[in-house]
Amino acid sequence: GALLWLAGGTRPDITYAVGILARFCSNPGAAHRAALQRLLRYVRDTARYCLCLTPSSARHVEVYSDASWSHRNSVSGGLILYGGVPVVWWSRRQKSVSASTAEAEYFAAGLASREGVWVIDFLEDIGFRAPAPTPLYLDSKAAIDLANDPAHFKLTKHILRHAYELRDRVARGVYSPSYVVTTLQLADVPTKAMRPGPHRLSLDAILSTTDAPSRSPPLVTASSARP
């Protein structure tokens, strides 16, 4: 419960690992306890990382979306940044089985578009109008083509309802799907286990650090804490 609160409040980098461990709460085994201890060590060693919103003129919304296709049910993950700081993030298993990576990425992008619309509307309600269209960063060119090109859009008849949702928002100028290389895809963190090097780069890009003396670099990553 404490880790779920932490993952949902201030630490998007442990969202994926906590989600994996939460599946085994009712019947944990030795492997799950070992993974939990590994995750706790990671949280201890990275305690100086935090969310830090500083005064800035760059008050724009950015949406990052990604999906992992390594499981039967893909995992959708995303981050929404305001002024360069994460304000909303998620890691969720998709309810249906995707036939390709492009389909999994497109489902994830549809979910990200719904979350982003809520953030945009909320900001407008409190007097902050974000520039339009909002960039939606994906690392799948096929998913971007499905959102932009009507010719490619016809290939999504089997997922038509979900396909229309994102396509409609792109056509109305709410979002502008843009390609981002995988190494700069911040939504990788809540979707899959990453190697320590790429994970550390993403961690530095997502979170800020306090002035407290830093510990030695962690030997494990939050994403690797899975049984």
Side-chain angles (χ1 to χ4, degrees), residues 6-20 42-43 46 48-54 56 58-70 74-94 101-102 104-120 123 130-131 133-144 147 166 175-209 217-218 220-226:
L6 190 62
T10 60
R11 294 297 297 268
D13 56 313
I14 67 172
T15 304
Y16 176 76
V18 172
I20 293 293
Y42 168 82
V43 172
T46 57
R48 63 193 181 94
Y49 283 91
C50 61
L51 295 175
C52 183
L53 183 61
T54 58
S56 172
R59 297 193 177 275
H60 55 276
V61 176
E62 300 171 288
V63 182
Y64 288 83
S65 172
D66 196 21
S68 64
W69 197 53
S70 58
S74 302
V75 176
S76 297
L79 291 100
I80 300 177
L81 279 62
Y82 178 64
V85 179
V87 292
V88 177
W89 55 86
W90 61 89
S91 178
R92 302 173 189 168
R93 294 181 69 184
Q94 296 182 2
T101 55
E105 295 272 2
Y106 195 83
F107 272 121
L111 172 60
S113 73
R114 292 195 295 273
E115 297 287 349
V117 165
W118 181 88
V119 172
I120 294 170
L123 290 173
T134 298
L136 174 59
Y137 294 109
L138 310 172
D139 60 2
S140 170
K141 293 183 178 179
I144 293 175
L166 178 57
Y175 289 104
S176 174
S178 303
Y179 178 76
V180 61
V181 295
T182 302
T183 54
L184 299 178
Q185 175 56 278
L186 302 184
D188 264 351
V189 174
T191 58
K192 59 180 70 71
M194 301 174 65
R195 294 182 180 276
H199 179 88
R200 187 59 177 267
L201 292 175
S202 297
L203 180 63
D204 290 336
I206 294 172
L207 299 176
S208 303
T209 57
V220 298
T221 66
S223 302
S224 65
R226 63 177 184 178

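For the single chain, residues carry numbers from 1 onward in sequence order.
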Requested in this report: Measure across Thr10 and Trp89 and return the closest heavy-atom pair with its distance rounded to 0.1 Å.
Outcome: N-CZ2, 3.9 Å
Report summary line: When rounded to the nearest 0.5 Å, the distance separating CG of Leu184 from CG of Asp139 is 10.5 Å
**Report entry** Aromatic ring proximity Tyr16/His199, centre distance under 6.0 Å
**Finding:** no
Report summary line: Applying side-chain contact (heavy atoms from CB on, under 4.5 Å) to Leu201 and not counting sequence neighbours gives none
Report task. Search all heavy atoms of Ala104 against all heavy atoms of Ala67 and return the closest pair with its distance. Result -> O-CB, 3.5 Å
Query raised in the report: Do side-chain atoms of Ser178 reach the backbone of Ser176 as a donor and acceptor pair under 3.5 angstrom?
Result: yes
Query raised in the report: What distance separates Ile80 CD1 from Glu62 CD, expressed to the nearest 0.5 Å?
Result: 11.5 Å
Query raised in the report: Can you find a pair of side-chain heavy atoms, one from Pro198 and one from Asp188, that are under 4.5 Å apart?
Result: no
Query raised in the report: Which atoms form the tightest heavy-atom contact between Ser91 and Thr15, and what is the distance?
Result: CB-CG2, 3.5 Å
Requested in this report: Check side-chain contact (heavy atoms from CB on, under 4.5 Å) between Ser76 and all other residues, then give those that pass, not counting sequence neighbours.
Outcome: Gln94, Ala108, Leu111
Query raised in the report: Quick one: side chain to side chain donor-acceptor pair (under 3.5 Å) partners of Thr191, sequence neighbours excluded?
Result: none
Query raised in the report: Could you walk me through whether Val119 and Thr134 pass the side-chain contact (heavy atoms from CB on, under 4.5 Å) check?
Result: CA-CA 11 Å; Val119 172; Thr134 298; over 6 Å; no
Report summary line: Ser208 meets the side-chain contact (heavy atoms from CB on, under 4.5 Å) criterion, sequence neighbours left out, with Cys52
Query raised in the report: Which heavy atom in Glu105 sits nearest to a heavy atom in Ser65, and how many Å separate them?
Result: OE1-O, 4.3 Å
Report summary line: So CD of Gln185 and OH of Tyr64: to nearest 0.5 Å the spacing works out to 7.5 Å
Query raised in the report: OG1/Thr46 to CG/Leu203 distance, rounded to the nearest 0.5 angstrom?
Result: 6.5 Å
Query raised in the report: Between Met194 and Ser202, what is the shortest heavy-atom contact and its length?
Result: CE-OG, 3.8 Å
Report summary line: So the salt bridge (Lys or Arg N to Asp or Glu O under 4.0 Å) pairs with at least one residue in residues 77-87 (sequence neighbours excluded) are none
Query raised in the report: With Glu115, which residues qualify under salt bridge (Lys or Arg N to Asp or Glu O under 4.0 Å), at least two apart?
Result: Arg92
Report summary line: Tyr175 meets the ring pair (Phe, Tyr, Trp, His ring centres under 6.0 Å) criterion, sequence neighbours left out, with none
Query - Polar side-chain atom of Trp90 near backbone of Ala112 as donor-acceptor pair, under 3.5 Å - result: no
Query raised in the report: Got a sec, which residues hit side chain to side chain donor-acceptor pair (under 3.5 Å) with Ser113, two or more places apart in sequence or on another chain?
Result: Arg169
Query - Atom pair CG (Leu207) and CG (Asp13), whose distance is rounded to the nearest 0.5 Å - result: 5.5 Å
**Report entry** Validation row: Ile14, Tyr42 side chains within 4.5 angstrom (heavy atoms)
**Finding:** yes
Query raised in the report: Judged by modelled atom types alone, do Tyr49 and Asp204 share a side-chain donor-acceptor pair under 3.5 Å?
Result: yes
Requested in this report: Identify, with sequence neighbours excluded, every residue that meets side-chain contact (heavy atoms from CB on, under 4.5 Å) alongside Ala102.
Outcome: Ser100, Ala142
Report task. Report the distance from atom CG of Leu51 to atom CZ of Arg11, rounding to the nearest 0.5 Å. Result -> 9.0 Å
Query raised in the report: Any idea which heavy atoms bring Asp66 and Lys192 closest together, and the distance?
Result: OD2-NZ, 2.9 Å
